[in-house]
Amino acid sequence: MTAPRSWGFLLLRHAGLLLSLALAGASPALSAAEIWMFSSPSCGTCQQFEREVGDRYARTNDGKRIPLHRIGLHTPRPPQLAIIAEVRGTPTFVLLDADKEIGRITGYSGDELFWMRFAALVADLPLSLQ
């Protein structure tokens, strides 16, 4: 399956963000954010994610705003990832904003559930005034 494209789903998916913008009375924008996928070469669900979402993620609107980076579960972490608490299983997706972990998705159970859980994480990103 591909990422949902219906207007109704998109509005529902971003309802929290739209409500926050309306209540703020300004035109805030999301701050720079990125998502890190911890994976393993032997992880079947990681491979399923790559087939169903991974190749298309960068072409989505979310993918253009929030880049997806991949790192091995047992790979030494670069210094900017020191803020991420222990990751125990794969795949684990960790959403970061600047120097803060916003949240994570542990596991993968198909593209529709991934996009719903991802939307919930994005709704937790802080808003900053321009």
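Keep in mind that this is a model prediction, so the values were computed, not measured.
Evaluation of the salt bridge (charged side-chain N to carboxylate O under 4.0 Å, His left out) test over residues 67-82, restricted to residues two or more places apart or in two chains, returns E50-R70. Within the structure, salt bridge (charged side-chain N to carboxylate O under 4.0 Å, His left out) pairs that include any residue of residues 78-93 comprise E86-R88 (at least two apart or interchain).
Under a 3.5 Å cut-off, the side chain of E34 and the backbone N or O of V94 do not form any donor-acceptor pair.
In terms of hydrophobic clustering, with Ile, Leu, Val, Met, Phe, Trp and Tyr side chains grouped at heavy-atom distances under 4.5 Å, L81 and L95 are assigned to different clusters. Cluster membership check: W115 shares its hydrophobic cluster with I35, using side-chain heavy-atom separations under 4.5 Å among Ile, Leu, Val, Met, Phe, Trp and Tyr. L68 and I84 are assigned to two separate hydrophobic clusters, defined by single-linkage of ILVMFWY side chains at heavy-atom distances under 4.5 Å.
In this structure, C43 SG and Q48 CD are separated by 9.5 Å, a value rounded to the nearest 0.5 Å. Atom CE of M116 is separated from atom CG of L113 by 5.5 Å, given to the nearest 0.5 angstrom.
Of all the heavy atoms in P76 and I71, the pair that sits closest is O-CD1, 4.2 Å. Residues L96 and I102 share a closest heavy-atom pair of C-CG1, 4.3 Å. The nearest pair of heavy atoms linking T90 to S40 is CG2-N, 3.9 Å. Nearest heavy atoms, A85 versus E101: N-OE1, 3.6 Å. Across all their heavy atoms, V122 and I66 have their closest contact at CG2-CD1, 3.7 Å. Nearest heavy-atom pair across A33 and P67 is O-CD, 3.3 Å.
With H69 as reference, W36 is the one residue of Y57, W36, F38 to meet the ring pair (Phe, Tyr, Trp, His ring centres under 6.0 Å) rule.
Using a 4.5 Å heavy-atom cutoff, the side chains of L73 and S39 are not in contact. Looking at T106 and R104, their side chains come closer than 4.5 Å, going by heavy atoms from C-beta outward. At a threshold of 4.5 Å between non-hydrogen side-chain atoms, the residues C46 and M37 count as touching.
Ring geometry for F118 against F114 counts as parallel: the plane angle stays under 30°, on a 0 to 90° scale with 60° as the upper cut.
F93 has its ring centre less than 6.0 Å from the ring centre of F49.
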